[in-house]
Structures are given as C-alpha cells and as structure tokens.
Amino acid sequence: MNAIAIKHNDQIIDLQTAEQLGFEGEQIHLDNSEDSLEVLRHSTAHLMAQAIKSLYPDAKFYVGPTVKEGFYYDFKTQTEIGEGDLKKIEKQMLSFAKKKYPIEKYEISMDEAKVKFADDHLKLAVMERIPDETVSIYKQGEFEDLCRGPHLPSIGLIRYFKLTKVSGAYLGGDSKNEMLTRIYGIAFADKESLKAHMEMLAEAAKRDHRKLGNEMKLFTFREEVGAGFPIWLPAGGRLRARLESLLFKAHRKRGYEPVRGPEMLKSDLWKTSGHYQNYGENMYFTSIDDVEFGVKPMNCVGHIKVYEDELHSYRDLPIKYFEYGVVHRHEFTGALHGLFRVREFTQDDAHIFCTVDQIEEQIIEVVDFVDKIMSTFEFDYKMMVSTRPEKAVGDDKVWELSTQALKNAMDKNSLPYEIDEGGGAFYGPKIDIKITDAIGREWQCGTIQLDFNLPERFELEYNGDDNEKIQPVMIHRAILGSFERFIGILTEHYAGEFPMFIAPTQVAIVPVADVHKDYAKQLSDKLIDINTDSEIYARNDSLNKRIRVAEKTRVPMIVVIGDEEIKNKTVAIRDRRTREQYNLSEEEFLTLIQTKVNEVNF
RNA sequence: GCUGACAUAGCUCAGUUGGCUAGAGCAGUUGAUUUGUAAUCAACAGGCCCGGGGUUCAAAUCCUCGUGUCAGCACCA
C-alpha cells in the first residue's frame with residue numbers, strides 16, 4: 001500500500017510538502033489509524049466543499065477541521081441547505097472522487113491571498129487569524145481552498161464517507177457573530193468501518209432515553225405544560241423511588257441529616273448570596289404582596305438557613321445536610337434535551353459544614369461515596385480537579401490549601417484525575433465527575449465544590465475551643481447530579497434493561513389460564529412483602545402474546561405459572577436476555593428475588 | 001437565544017400540484033376463544049390535522065405570529 005503522508009517530528013506532512021522540503025519520516029498509510037483518519041477526514045471536508053461549491057456557486061467557506069466525531073465545514077450560501085440536500089452533496093462528492101483529481105499545493109504570500117480572496121469575507125476572516133507571511137492553497141480540479149493541510153495526494157482515495165448532520169454555527173464560535181451553515185460528516189479507510197460506525201450511531205439512537213422513556217412509560221413532556229418540565233409516569237416514579245430510597249439510606253449511614261428548604265426565598269437573600277447578581281438571568285422571580293421572591297436555582301441558601309438555626313461548636317463539625325432539592329433554572333430553549341437538560345430538576349444535593357482541617361477527610365469520604373455508586377452501576381468515570389480561575393474570591397493560602405486537599409484526597413484513593421487549570425468556581429476549586437456510558441459517551445454528573453464565599457457572605461461561624469468565632473468551610477456536593485439527568489443516562493447505559501434493584505417492575509407474572517390467577521395474586525403479594533414490584537399479565541390474550549408484551553417492557557424476570565407449578569409449588573422462570581427457562585421452587589424463587597433486589601447498598 | 005428542519009388518533013406513521021366524509025398498524029373498548037413460553041379472531045370506538053391571525057370559491061396542505069420538538073451552535077449543572 002502506498003503512503004498517503006509521512007510523520008516528521010511528530011507532525012503529519014503531506015507527500016507533496018515532504019518532497020519539496022526533503023523531509024523523511026514514518027510513512028502513514030490509508031488505514032483507520034488516528035493519523036491516517038486525520039488526513040483522510042480533512043481531505044473529505046475539502047471534497048465536500050468542492051461539491052458544495054459546484055452545486056452552490058456562490059458558496060463562501062470558513063473553516064473545515066476534523067473533530068472527534070469526523071469533520072465539518074462551515075460555509076455560507078444564498079440558498080438554504082437542509083438535511084434533504086445532503087444526499088445530493090454526497091453524490092456530487094462521489095462523482096468528483098471518481099475523477100481522482102490530484103490534490104496539489106502551492107504557496108502564495110498573505111498579500112496575494114488577500115487579493116485572491118478579496119470578495120470572500122469568510123476567507124478574509126480566516127486569514128485574520130493567521131500570523132504567517134505566506135499561506136498555502138490546495139487545489140483539486142477547479143476547486144481551490146486556503147488551507148494549512150495536510151491532505152491526501154488525491155481525492156480518488158476518498159470512498160467511504162457519509163454526511164451526517166447539517167446545522168448552524170456561529171462564525172468563530174462567537175454568538176455575537178453571524179451564523180454560518182455547518183455540515184458534519186464522517187469518513188473511514190474501508191467500508192466495514194463506516195458501516196460499523198453507522199451501526200454504532202443507530203445503536204445510540206435505539207438507546208435514546210427520550211425514545212425509551214416514552215416506550216417504557218417512564219416520563220413525558222407536554223406542550224401545554226411547558227418546555228423543560230418533565231412529567232414522571234408511574235413506571236418512572238417507581239424507578240426513581242427505588243433510587244431515592246437507596247440513596248437516602250446511604251446518606252444516613254454517612255451521617256447526613258435530611259433537611260428541606262423552601263422552594264422560593266426573598267430576593268434579598270439571593271442578593272446576599274450573590275446569585276441575584278451572578279445567576280439572576282437563570283432564575284425565575286415572582287412577587288408576593290409587593291415583595292420580590294426568587295425560585296431557588298440551588299439549595300445552598302436553604303441549607304445555610306438550617307445551619308444558622310442554632311449555634312455550633314467545633315465539636316459538632318462536620319455537619320452534613322442533604323436534600324433531594326427541586327431547583328428551577330431558566331435554560332435557553334435550544335439547550336433543552338430530554339431529561340439531560342431541563343428547567344426543573346431534583347438534585348441529590350448536600351452541604352457539608354466543616355473546619356479547614358477537615359476538608360481533606362471530608363473530600364475523601366465524598367469521593368469514596370461517588371466511587372461506591374458509580375461502580376455499582378458499572379460506570380467508568382473520571383474526575384477533573386479544577387483550580388483557581390482568573391476571577392476568584394478568597395485568600396491565596398486557602399486556595400492553595402483547598403486545592404491540595406482535593407488532590408490529596410484523590411491520591412490517597414489512588415484515583416486518577418485530570419487537572420483543569422483555572423476551571424474552578426469563583427468561590428473555590430472543585431472536582432467534577434464525568435461518567436462514560438455503555439457506548440463510550442461522557443456525561444458530567446456529580447460535582448464536589450469547596451466554598452469559602454458563602455460562609456463569608458452569610459457570616460457563618462462556630463465556636464472554637466477558645467470560644468472564639470470561626471468561619472466554617474462549605475463543601476457543596478451532588479453525586480448523581482440530578483435524578484433527571486442520571487436516570488436519563490442510566491436508561492441509555494442499560495438500554496432500558498435496568499438491573500433488578502432499580503427496575504420499575506421486578507417481576508412479570510404470567511398465569512397460563514384464568515384458573516391460575518389466584519396463585520399469581522398470592523405470589524404477587526408475597527413479592528410486595530419483600531419490597532418487590534410485580535405485574536400480573538392475565539389479560540384476555542394468548543399466552544404467547546402476554547409473554548411477548550412482558551418481554552417488551554424489559555422486565556428483568558418473567559415467571560409463568562400453570563397447573564404444573566401450582567401442583568409442585570414452583571415457578572417457571574424465563575430470563576430476559578437468554579430467553580432460557582428454568583424452574584425453581586417458590587421458596588428458592590423468593591429468596592433469589594430478595595437477594596437480587598437487596599444486593600445493592602451504596 | 002441563533003441557524004435549519006419538523007408538528008396529522010394514546011404511540012408510530014400515510015395523506016399527490018390547495019378540491020368530496022382525513023387513513024393504516026399498534027395500543028384501547030366489546031364479543032368469541034382459555035391458551036405451556038415473542039403477536040387468536042371479529043366488531044366498535046379514537047381527530048379543533050399544535051394554537052392565533054390571514055390568503056382563497058375552497059386550507060391538514062399556502063403566508064404570518066406564537067407554542068412545542070429535533071440537529072447543531074452558543075450557554076451550562
């Protein structure tokens with residue numbers, strides 16, 4: 001196989017450039033390696049631009065880089081381009097590719113380039129950002145584009161690609177600028193990989209929690225209710241209740257006290273906390289008897305009021321309050337996305353009030369809590385430690401201490417973490433927990449934040465051992481993040497096949513005929529006694545039909561009972577995944593269920 | 001919020017260049033059938049075609065303003 005580029009000093013260089021400069025290096029062949037795909041996809045972006053230019057001659061192009069999920073090109077045309085046009089563009093791309101135009105590179109001075117692209121304000125905008133004296137132009141057939149490269153030697157090498165999305169994107173990623181059209185695409189070296197990629201996308205679509213949530217009757221949204229306000233249906237309610245009760249127990253074990261703050265508080269309080277000034281745009285306000293109130297977007301102020309309810313001694317610390325806090329945030333309509341991004345949601349929120357000396361051990365405890373939960377759900381996760389940002393409040397020494405405390409906590413647990421330099425909150429550094437789901441996508445859920453700002457603003461204090469007044473530190477933490485987002489992620493992670501301990505329904509009972517209904521009911525009652533939800537499928541349908549319906553609900557276990565079972569006091573179990581059947585005595589069955597339902601403790 | 005697309009029965013979707021009483025499958029109801037591991041048969045019922053305004057002899061279909069949804073951007077927990 002011929003090389004498509006070479007790697008010289010860790011830089012990918014196209015063949016033409018390498019020859020001109022006499023560079024040598026490791027050959028890159030057309031395969032699905034990272035380097036090869038980089039070149040291939042970049043050239044595919046150019047091929048797409050060539051096709052667009054031929055179909056829409058007035059098209060002007062901005063930039064067309066490769067990204068994690070393929071490539072895109074931003075451009076502008078007079079005609080509007082929609083999803084339906086992608087096929088047409090793909091077809092044109094293929095017909096160009098068949099002509100096997102070589103990709104030729106030449107260089108011109110910046111001044112010449114500015115003349116050459118004088119009537120193209122987008123290219124001029126690109127050149128604004130290039131400090132060099134000369135720029136390179138790549139030419140394939142009639143089409144020329146300003147580009148740094150590297151590119152394939154010929155567009156004939158491009159065969160297996162797909163245009164996936166069309167949308168808008170701001171010029172330079174700045175919402176103040178004009179909006180361009182962006183088309184995303186993907187390319188691979190061989191047909192199989194493209195096919196596998198498209199199948200992976202289809203798999204992701206199948207797992208989409210919005211689709212599954214609808215099918216499984218977990219939750220819904222309604223136009224007349226309002227955007228971003230989820231409605232929890234019975235099945236979703238059961239799932240959520242199981243999660244809540246498991247987590248409640250886990251909090252109590254770790255010394256957290258349940259508390260609850262009001263849904264809205266006077267605006268003056270939000271001014272004290274700084275939310276009014278810094279977060280007001282995302283808040284909902286109302287007026288009661290001429291006094292302005294703000295609906296809470298976070299729970300911290302409520303918990304501070306709990307703390308203030310009595311005087312505290314250093315002997316009391318740490319104090320941990322937790323609440324399944326319902327919060328409202330005004331998100332942009334365009335940001336809303338199923339349960340992942342909503343306007344009303346419930347956080348598994350807690351605030352730990354402690355001394356500066358206790359920060360580290362408290363962080364360790366929370367990190368351990370996070371690990372317990374994430375590993376139970378078989379999530380891979382990573383943590384990011386975010387350090388002091390440019391704009392920050394508080395003493396340098398405290399920042400250093402607290403940042404080090406976060407890092408120590410991670411090191412002591414031998415947990416790997418990445419540093420996000422300057423990514424902390426203005427009041428303190430934080431650890432963000434990013435989980436990776438079953439098909440490799442990352443989601444930010446939990447967060448652990450050190451806060452020196454709110455204790456200061458609310459003048460919180462405790463009595464030290466010399467009876468002096470000392471300001472406590474607040475640790476703000478959420479583990480799931482929110483029940484909404486976490487359940488959305490869980491749904492996609494398990495593709496709706498929830499494990500027994502959180503499944504909306506644990507067991508489906510299918511009596512063979514009407515005469516077996518009583519036994520089914522007895523069994524169902526016994527299951528309730530061991531904290532297990534079951535559903536009896538006794539409708540006037542064929543046995544096959546009822547088993548099919550039960551299967552489709554993704555219930556973890558189906559038991560069929562008929563004459564045989566009643567006579568022998570057994571149940572016939574049908575496994576969700578393998579569809580295999582086996583028999584257990586009723587006693588064994590109940591023990592098995594009890595074990596499975598209660599096997600998880602966070 | 002921005003760009004583009006979309007909105008028809010509980011759900012998934014048909015509905016031709018504006019033209020008769022807006023259709024189908026599933027789900028639902030009612031019968032018949034009483035079933036041994038993925039769809040028994042039949043009948044019935046279901047709609048302000050997202051909501052206001054407009055154009056037209058005539059609007060699910062065209063225009064317009066909202067609302068909601070989708071893709072991405074931007075924002076962000």
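Below, chains carry the letters A, B, ... as their sequence lines are ordered, and counting in each starts from 1.
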Could you list the donor-acceptor pairs under 3.5 angstrom formed between side-chain atoms of residues 56-71 of chain A and any protein atom two or more places apart in sequence or on another chain?
from: A:Tyr56; atom 1: OH; to: A:Lys88; atom 2: NZ; distance (Å): 3.3
from: A:Asp58; atom 1: OD2; to: A:Gln78; atom 2: N; distance (Å): 2.7
from: A:Thr66; atom 1: OG1; to: A:Glu38; atom 2: OE1; distance (Å): 3.1
from: A:Thr66; atom 1: OG1; to: A:Glu38; atom 2: OE2; distance (Å): 3.1

Indicate, with a heavy-atom threshold strictly under 4.0 Å, whether [X] touches base, sugar-phosphate, or nothing.
X	value
A:Asn540	base
A:Val342	base
A:Asp514	base
A:Leu543	sugar-phosphate
A:Asn214	sugar-phosphate
A:Thr333	base

Compute the centroid of each ring, for [X] and then for [Y], and state whether the two points are separated by less than 6.0 Å.
X	Y	result
A:Phe602	A:Phe377	yes
A:Phe248	A:Phe322	yes
A:Tyr321	A:Phe353	yes

Taking atom [atom1] in both [N] and [M], what distance in whole Å separates the two?
N	M	atom1	value
B:C73	B:A14	P	28 Å
B:U69	B:U29	P	30 Å
B:C11	B:U3	C1'	31 Å
B:C2	B:G10	C1'	34 Å
B:G31	B:A45	C1'	14 Å
B:G18	B:A5	C1'	23 Å
B:U55	B:U12	P	35 Å
B:A22	B:A60	C1'	8 Å

When the distance from [atom1] of [X] to [atom2] of [N] is rounded to whole Å, what number comes out?
X	N	atom1	atom2	answer
A:Glu551	B:C26	CD	P	20 Å
A:Phe221	B:C70	CZ	C1'	14 Å
A:Trp443	B:C76	CH2	C1'	14 Å
A:Asp575	B:A38	CG	P	14 Å
A:Phe229	B:U69	CZ	P	11 Å
A:Asn568	B:G36	CG	P	18 Å
A:Asp74	B:C2	CG	C1'	14 Å
A:Gln347	B:C76	CD	P	17 Å

What nucleotide, of [options], holds the atom closest to the side chain of [X]?
X	options	answer
A:Ser542	B:U40, B:G66, B:U37	B:U40
A:Glu564	B:G36, B:U69, B:C73	B:G36
A:Arg210	B:U40, B:A71, B:C73	B:A71
A:Arg548	B:A39, B:U35, B:C73	B:A39
A:Asp563	B:G36, B:C73, B:U12	B:G36
A:Phe332	B:U35, B:G1, B:C2	B:G1
A:Ala572	B:U37, B:G10, B:U40	B:U37
A:Arg539	B:C75, B:G72, B:U29	B:U29
A:Asn544	B:U69, B:U12, B:A39	B:A39
A:Ala335	B:G72, B:A74, B:G36	B:A74

Start with the C-alpha gap between A:Thr491 and A:Arg207, add the side-chain angles, then the distance that decides, and say whether side chain to side chain donor-acceptor pair (under 3.5 Å) holds. CA-CA 7 Å; A:Thr491 305; A:Arg207 286 168 177 253; over 6 Å; no

Syn/anti state for B:G46 [syn: chi within 90° of 0]: syn

Below 4.0 angstrom from OP1 or OP2 of [N], is there any side-chain N or O of [X]?
X	N	value
A:Lys567	B:G36	no
A:His337	B:A71	yes
A:Asn177	B:A74	no
A:Arg546	B:G36	no
A:Ser175	B:C2	no

Please determine whether any donor N or O and acceptor N or O are separated by less than 3.5 Å between the side chain of [X] and the base of [N].
X	N	result
A:Tyr170	B:G1	yes
A:Arg341	B:C75	yes
A:Arg182	B:A71	no
A:Gln581	B:G36	no

Taking it one step at a time, do A:Arg329 and A:Glu344 satisfy salt bridge (charged side-chain N to carboxylate O under 4.0 Å, His left out)? CA-CA 7 Å; A:Arg329 299 182 186 179; A:Glu344 185 206 82; over 6 Å; no

Ignoring hydrogens and geometry beyond distance, is a side-chain donor-acceptor pair present between A:His251 and A:Glu323 at under 3.5 Å? no

Taking for A:Arg222 and for A:Phe345 the nucleotide of RNA chain B with the nearest heavy atom, the one nearer the 5' end belongs to A:Arg222

5' precedence on RNA chain B between A:Glu565 and A:Gly334 (nearest-nucleotide basis): A:Gly334

Taking NZ, NE, NH1 and NH2 as the nitrogens, is one of them in A:Glu418 or A:Lys382 under 4.0 Å from a carboxylate oxygen of the other? yes

Is a salt bridge present between A:Lys87 and A:Asp85, judged by a nitrogen-to-oxygen distance below 4.0 Å? no

What would the secondary structure line of RNA chain B be in dot-bracket form, counting Watson-Crick and G-U wobble pairs under 3.5 Å, with [ ] for pairs that cross earlier ones and | for pairs with another strand? (((((((..((((.....[...)))).(((((.......))))).....(((((..]....))))))))))))....

Heavy atoms of A:Phe340 and A:Gly488 approach each other most closely as CE2-C, 3.4 Å

Apply side chain to side chain donor-acceptor pair (under 3.5 Å) to the pair A:His516 and A:Asp563, showing each step before the final yes or no. CA-CA 7 Å; A:His516 310 121; A:Asp563 288 340; 2.7 Å; yes

